[in-house]
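Structure, as structure tokens:
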Amino acid sequence: MAKNSQDIELMLDDLGLGEMSRRLDELVRSPQGMDLNPLQLMREVVSSQHLLHCNERFERNLRVSRMVRQDASVENLRSGEKRIYNENVVDQLRTLEFISDRKNVTVVGESDAGKTYFLRAFCVEACRSDYRTLFIDYVDLMNELLIKKRKDLQKYNKRLRYYCRFQVLAIDDFVIEKYGAEATGMLYSLIKKRGELGKTTMVSTQHSPDEWDTSLSDDSSTWPQADGIRPRLIENGYLVHIEKVK
């Protein structure tokens with residue numbers, strides 16, 4: 001430690017601000033630090049600690065999100081040789097205002113169009129902006145809720161509340177598999193509760209929203225629930241089409 005700042009560095013270390021202490025010591029010992037006025041010096045020291053805090057928070061949010069692959073980037077979501085996006089919508093989404101505005105996002109495209117990458121890219125950005133985020137596969141979600149509901153209704157309700165707590169819930173391969181009335185009712189409850197709480201739900205799907213009635217279930221008694229899910233996701237949100245160039 002530098003002698004003229006040793007007491008400050010010790011206090012910073014004691015407060016758990018080790019990065020500020022390290023940066024202060026570095027600046028005090030360098031010619032660069034000698035040229036800084038007090039405000040500039042404070043900004044340099046605090047910025048270093050703040051950057052470390054943001055990076056640690058980002059990493060923590062990524063772990064909570066459950067994403068196996070975390071290398072997706074919104075900067076790669078540009079129309080090119082392999083894929084075409086509706087660019088205006090994607091540009092609006094990049095601001096992440098849809099989360100603060102409590103809007104949803106539905107991504108539609110054929111198999112291997114890049115829908116999963118799209119969801120992951122925005123989940124990464126949501127984590128970076130400190131939004132509590134969860135990425136989950138549709139079938140995994142539905143099977144888990146079905147099992148819990150049949151075994152223990154209390155645990156099912158608790159799990160449903162758990163999924164409603166995330167500010168951003170990304171459901172990959174939405175309606176990829178058909179379920180019965182019980183499961184469709186659970187999905188309706190989840191989407192409805194998240195809407196009431198002002199949470200953002202993002203889904204990727206191979207099925208156009210106007211096909212969701214029959215894509216969700218062969219049981220026609222569930223179609224009214226599908227009609228309840230569709231406007232909650234589509235009318236209160238953004239629809240992104242990804243066209244795969246062949």
Side-chain angles (χ1 to χ4, degrees), residues 53-70 72 74 93-107 115-177 179 182-205 212 216 225-226 228-240:
H53 169 74
C54 289
N55 288 338
E56 290 177 344
R57 185 179 63 190
F58 175 44
E59 292 298 325
R60 182 173 62 253
N61 289 340
L62 283 176
R63 287 194 299 272
V64 170
S65 75
R66 295 192 196 172
M67 281 187 293
V68 176
R69 296 183 58 183
Q70 303 171 353
V74 294
L93 296 178
R94 282 194 182 94
T95 66
L96 296 189
E97 289 182 5
F98 70 93
I99 302 177
S100 57
D101 289 343
R102 303 180 176 187
K103 301 292 185 180
N104 302 313
V105 178
T106 299
V107 186
K115 303 182 299 298
T116 298
Y117 186 94
F118 189 101
L119 284 193
R120 285 176 175 156
F122 275 96
C123 282
V124 169
E125 287 305 302
C127 289
R128 196 187 310 278
S129 296
D130 199 28
Y131 287 110
R132 186 170 170 80
T133 302
L134 181 67
F135 182 97
I136 192 166
D137 179 79
Y138 176 73
V139 174
D140 290 343
L141 171 67
M142 298 297 283
N143 289 345
E144 180 193 16
L145 291 177
L146 266 175
I147 291 171
K148 287 191 179 298
K149 187 175 183 181
R150 290 170 179 173
K151 284 187 174 181
D152 189 323
L153 187 58
Q154 186 176 358
K155 287 184 178 180
Y156 160 75
N157 288 326
K158 182 178 180 181
R159 199 60 176 172
L160 199 64
R161 290 193 297 271
Y162 165 78
Y163 285 121
C164 287
R165 286 203 300 266
F166 289 90
Q167 186 60 48
V168 179
L169 177 65
I171 307 175
D172 194 30
D173 282 331
F174 189 67
V175 301
I176 192 67
E177 187 171 314
Y179 288 87
E182 183 181 14
T184 306
M186 293 187 315
L187 179 64
Y188 173 77
S189 294
L190 175 62
I191 300 300
K192 180 182 178 182
K193 288 179 184 296
R194 287 186 57 79
E196 291 170 348
L197 293 170
K199 307 294 187 181
T200 292
T201 303
M202 302 183 72
V203 303
S204 71
T205 179
W212 286 358
L216 277 166
Q225 292 168 324
I229 292 171
R230 182 169 37 238
R232 284 177 167 83
L233 290 178
I234 302 301
E235 294 176 14
N236 184 39
Y238 296 85
L239 183 61
V240 178

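These values consider heavy atoms only, across backbone and side chains, with no hydrogens, waters or symmetry-generated copies.
- In this structure, Leu187 and Phe174 have side chains that are in contact, with non-hydrogen atoms separated by less than 4.5 Å.
- Scored by the ring-ring contact (aromatic ring centres under 6.0 Å, His included) test, Phe166 finds Tyr162 as partners (sequence neighbours excluded).
- Legend: residues meeting side chain to side chain donor-acceptor pair (under 3.5 Å) with Thr205, ordered by chain and number and at least two apart, are absent.
- Residues Phe122 and Val105 have side chains not in contact (no heavy-atom distance under 4.5 Å, counting atoms from C-beta outward).
- Between Leu190 and Cys164, some side-chain heavy-atom pair lies under the 4.5 Å cut-off.
- A donor-acceptor pair under 3.5 Å is formed between the side chain of Ser100 and the backbone N or O of Glu97.
- Asp137 CG to Ile171 CD1: the interatomic distance, rounded to the nearest 0.5 Å, is 10.0 Å.
- You'll find the side chain of Asn104 stays beyond 4.5 Å of the side chain of Phe98, heavy atoms only.
- In terms of modelled atom types and a separation under 3.5 Å, the side chain of Asn61 and the main chain of Thr133 share no donor-acceptor contact.
- Residues Cys123 and Ser65 have side chains not in contact (no heavy-atom distance under 4.5 Å, counting atoms from C-beta outward).
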Derivation and outcome, side-chain contact (heavy atoms from CB on, under 4.5 Å), residues Glu182 and Leu146 = CA-CA 8 Å; Glu182 183 181 14; Leu146 266 175; 3.7 Å; yes

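- Here CG of Asp140 is found 9.0 Å from CZ of Arg66. Values are rounded to the nearest 0.5 Å.
- Annotation: side chain to side chain donor-acceptor pair (under 3.5 Å) contacts of Arg94 (sequence neighbours excluded): Asp91.
- To the nearest 0.5 Å, atoms OG1 (Thr106) and CG (Leu233) are separated by 5.0 Å.
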request  = Tell me, with the steps shown, if Val139 and Ile176 meet side-chain contact (heavy atoms from CB on, under 4.5 Å).
outcome  = CA-CA 8 Å; Val139 174; Ile176 192 67; 3.6 Å; yes

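- Leu119 has its side chain within reach of Val107: a pair of non-hydrogen atoms, C-beta onward, lies under 4.5 Å apart.
- The backbone N or O of Asp173 lies less than 3.5 Å from a partner atom in the side chain of Ser204, making a donor-acceptor pair.
- Here the CD1 atom belonging to Ile147 is positioned 9.5 Å from the CG atom belonging to Leu145, to the nearest 0.5 angstrom.
- Sequence neighbours left out, the pairs with a member in residues 152-165 that pass salt bridge (Lys or Arg N to Asp or Glu O under 4.0 Å) are Glu144-Arg159.
- Atoms CG and CD, from Leu62 and Gln70 in turn, are 4.5 Å apart once rounded to the nearest 0.5 Å.
- Within the 4.5 Å cutoff, no side-chain heavy atoms of Tyr138 are placed close to those of Asp172.
- Side-chain atoms of Asp101 do not come within 3.5 Å of backbone N or O of Lys103 as any donor-acceptor pair.
- For residues 188-198, every residue pair satisfying the side chain to side chain donor-acceptor pair (under 3.5 Å) rule, not counting sequence neighbours, is listed here: Arg194-Thr201.
- Taking Phe135 as the reference, nothing meets the ring-ring contact (aromatic ring centres under 6.0 Å, His included) condition, with sequence neighbours excluded.
- To the nearest 0.5 Å, atom NZ of residue Lys149 and atom OH of residue Tyr156 are 5.0 Å apart.
- Here the closest non-hydrogen pair linking Val124 and Ala72 is CG2-O, 3.8 Å.
- A heavy-atom distance below 4.5 Å is found between the side chains of Glu177 and Tyr179.
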